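From a predicted model like this one, the values you see are computed outputs, not experimental measurements. Letters go in sequence order (proteins before strands), and every chain restarts at 1. Heavy atoms only: backbone and side chains are in, while hydrogens, waters and symmetry mates are out.
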Amino acid sequence: MDDGRSESAFTWLGRNELMAARDQMERLVRAIVEIGSDLDFDMTLHRIVTAAIELAGGRYGTLGIRGADGALTSFVNVGLDDDTARLFDALSVGEGLRVDDLSALPGWPYADEQPIRALLGVPIVVRGADFGTVFVTDDRPGRVFSDAQEGAVRALATAAAAAIDNARLFERERESTKWTTASREITTALLSGDPQTGPLQLIVNRALELAGAEQAILLVPREPDLPADEVDTLVVAATAGRYTSQVIGQRVPMDGSTTGSVARSGLPLITDSFQYPIEGFTDVGERSAIVIPLVADGTVLGVIAVARQPQQAPFGTNYLDLVSDFARHAAIALALAAGREHALNQQLAQADTVDDALHAAAEELRRLWRARRVMTVTFGRSVDATPQVFSVGEPANWVDLPTNTRQMLSEMRDGDLLTASTAQPGTAAIALRHPEGVLVVWIETAEQRPFTLEDQTLLTVLAGRLGQGLQRVHQVDQQRETALALQHAILGPAQLPGGFAARYQAASRPLEVGGDWYDVVDLEDGRIALIVGDCVGHGLVAATVMGQVRSACRALLFGNPSPGAALAGMDRFAERLPNAFCTTVVCAVLNPDTGELVYSSAGHPPPILVHADGTTELLEGGHTIALGVRPNWSRPEAHTVIPARATLLLYTDGLVERRRAALDAGISRAAAVVQDGRTSTLDELANQIMSNLAPSDGYQDDVVILLYRHPGPLQLTFPADLSQLAPTRGALRSWLARANVPKDVSVDVLIAVGEAVANAIEHGHRNTPDGVISMDATATGDRLRVTITDTGEWKTPQPEVNSTRGRGVALMRGLMHDVTIDPGSAGTTAQLTARIS
Amino acid sequence: MSTPLSLGTTRGDDGRVVLTAAGEIDLSNIGVFSHALGTATAEADPAQLVVDLTAIEYLDSAAINALYGLASHIHLIVNPALMRSLRISGLAEIISIEPVATEAQ
């Protein structure tokens, strides 16, 4: 607009014109608000044209958009067709153009074809670039555009520029979001391992769809896993859109091909000409194509080429960024999905418990991002429970975290799973499913470096893996617990008779139950059967078979208390029961009074017998093949007598078997531990055996031990009455004889125990005549322990006050090696120890 | 039921009174033993009293306490297995004790 016109617009205004100008101004404001109200790009352009026509009072309008070459290439028309609109490209609009009669314009060549007379053209400049021109025209004779109308359209054009800019930004953002979303989908789909669609197909499908293209192909190196510079040929491995059957399987050399150079450079490009022909892709017409590399960790995974239809607009350069991001995501996901074992996967595979897995993952994430700190925050199902925080790098616990961090973590719990959040600079967080609730992983990077899209994808992928890993570990954990519970329920009697001790230990890695069992059975003739066996295999199956074999053995022994006969019967059983084949077992029948032992072994390592003096022997008699191997196999029996205070050890091979070591060496080691521990109590000895023989990394197989020391303990319970003195003394005397305690020691023990019992009766139960006293006597290799427990208060007598009982206690202490009296609230316990020999 | 204990008193040609006990002595029958001990003491010149516990397999501090009461006057004959407790109790220091093995031992 020049100065003269604008001046006249203000000086010549009459009253009506003033009114009209005000209306015009209102219309203009309304139009500007309207065109800014929509962020859809096409809709915004359309609104601009409509508003311009209205403001100028014209009949037709168009918005011509300039292409890269400066010509108007596309049009948004109202009342016109593209052909007519295209004619306006010949007009020199400059800063603006108003023509009263186009047909009279000098040099206008279309005067005869077009009836257009009045025309108004105003340029739209967006961010300093000529975006295009909005034209308003009229074909009514005598109709011209006024200064005010031109002014209004100019004002509109300025507002339109802003609206277009916004819409374009929004459009780009939306496009970018579309690709980002697609990237996430690819990641998720690839990792979920959908068998219906291969990962390459998935990528190529999405690329086609997102680019609005007619064809997409994905080329991969003919030989996988080579560094970029060693790949020589690419092959089309997946295609989408048109020409599928022609293009699939086509080969392209790395050298001298566009796809090859993209793979080498790792940089995407837009082109309409390919150096090397690809049948079914480069020979189907001149098309705009975008070529994108798929590179992860320096390895070329492939190249994607996406082509639009020939008549479609070529790819804009802004597409390169979008598509590159997509390709990076896809490449990472592809690399991970292709089973390039990430360290995290290995860590997860080794974890035995959910906590182990969590700790390993936190360490791995910290290493990966060189993080200052990685926290894992487990939110249980109960909302009230304090979240469990585990931290590597710097220590952390929930209550000490800043309020806003706690708030943020809680919001993550309630938000979408597997969606990385980088809201706080220098941190990234992601929520995933935990077997007992939701886990939020929080990473604090060392420097405040931005967490890129690529980082986010990797974190999403790893979090997905972690979630799956935790679930798997949790399941294994639960199965193991079930099997362990089952094992414990069936592997042996809940309570052992006195004189026995047993231990069961599952293999430590992988922590798994096996088929080992033990049994102690009271037989009808007063004898006791001892059984230790080992069914082949591990896990629930072995545990179940073991339960059946154990029951069978019990039943056979009840019918005929002969170890040989029982094993012969089990042979027949094992032939019929799947998985019982090759079970090894040692079965012994003990006379607890005399120590006589009859035993038979089916392929089982020999029991170890350690005498009170340390002499060690292996019970190698009565031994033959494992169960179920040969029908009607003769099962020999051997006899021995367990001497007083000797210790018998039955065990499974897990106790003594070591890789690269002879079984005999293991058996000798076990015998040495029993020998050393022959003066320990049976429970102590059982613990010593299990811990002293355990390899540094735990038992590799499950282990059962069963210990017996002859004679079993004397366990008496009797009323607190003086009449009980003689019979309990009698019982103790005969037990001491069975324990082969020398006469003099025996007399000392009888007197000391007599004093303790008399004390318990006389003083402990002076006021409680219904009191009960229990006595427990055990023998080890070199000493005796007698424990007298009463239910009353056993005041330690003072000799000067009560010389009678004081003398008794002194006597007790004098006769015994050690006396402890523990006046507990529920009763008094006196423990007497005497040395033998 | 008290612990079985049999007691007998004989007077020798030399005027000595001998109290013989067989069985076991504990808190349940100490009364019987004490009574017999008292009677024997009353009958005999204290210096002439012999208590023969050779056939006693067991005695506890109750018996030792009873013997303490008469300590300086008597001569005690016991199963050697009991000597240890008589020594520990200090009784052996104040009366004359003669360990005599029975045939069974």
- Message: Determine whether A:L811 and B:I64 satisfy the following criterion, side chain to side chain contact (heavy atoms under 4.5 Å, CB included), listing intermediate values before the conclusion.
- Response: CA-CA 10 Å; A:L811 191 56; B:I64 292 172; 3.9 Å; yes
- Message: Minimum heavy-atom separation for A:A726 and B:T3, please, with both atom names.
- Response: CB-OG1, 3.3 Å
- Task: Check the pair A:I751, B:L82 against side chain to side chain contact (heavy atoms under 4.5 Å, CB included), reporting the backbone distance first and the verdict last.
- Result: CA-CA 9 Å; A:I751 293 173; B:L82 301 177; 4.1 Å; yes
- Would you call B:R84-A:D748 a salt bridge at under 4.0 Å N-O? yes
- Please round to the nearest 0.5 Å and tell me the distance separating atom CG of B:D26 and atom CG of A:L750. 11.5 Å
- Query: Roughly how far apart are A:R807 CZ and B:Y68 OH, rounded to 0.5 Å?
  - Reply: 5.0 Å
- Is the backbone N or O of B:D60 less than 3.5 Å from a side-chain atom of A:E755, with the two atoms forming a donor-acceptor pair by type? no
- Compare every heavy atom of A:A758 with every heavy atom of B:L27, then report the nearest pair and how far apart it is. CD2-CB, 4.0 Å
- Hey, is A:R729 close enough to B:E57 for a salt bridge, meaning N to O under 4.0 Å? no
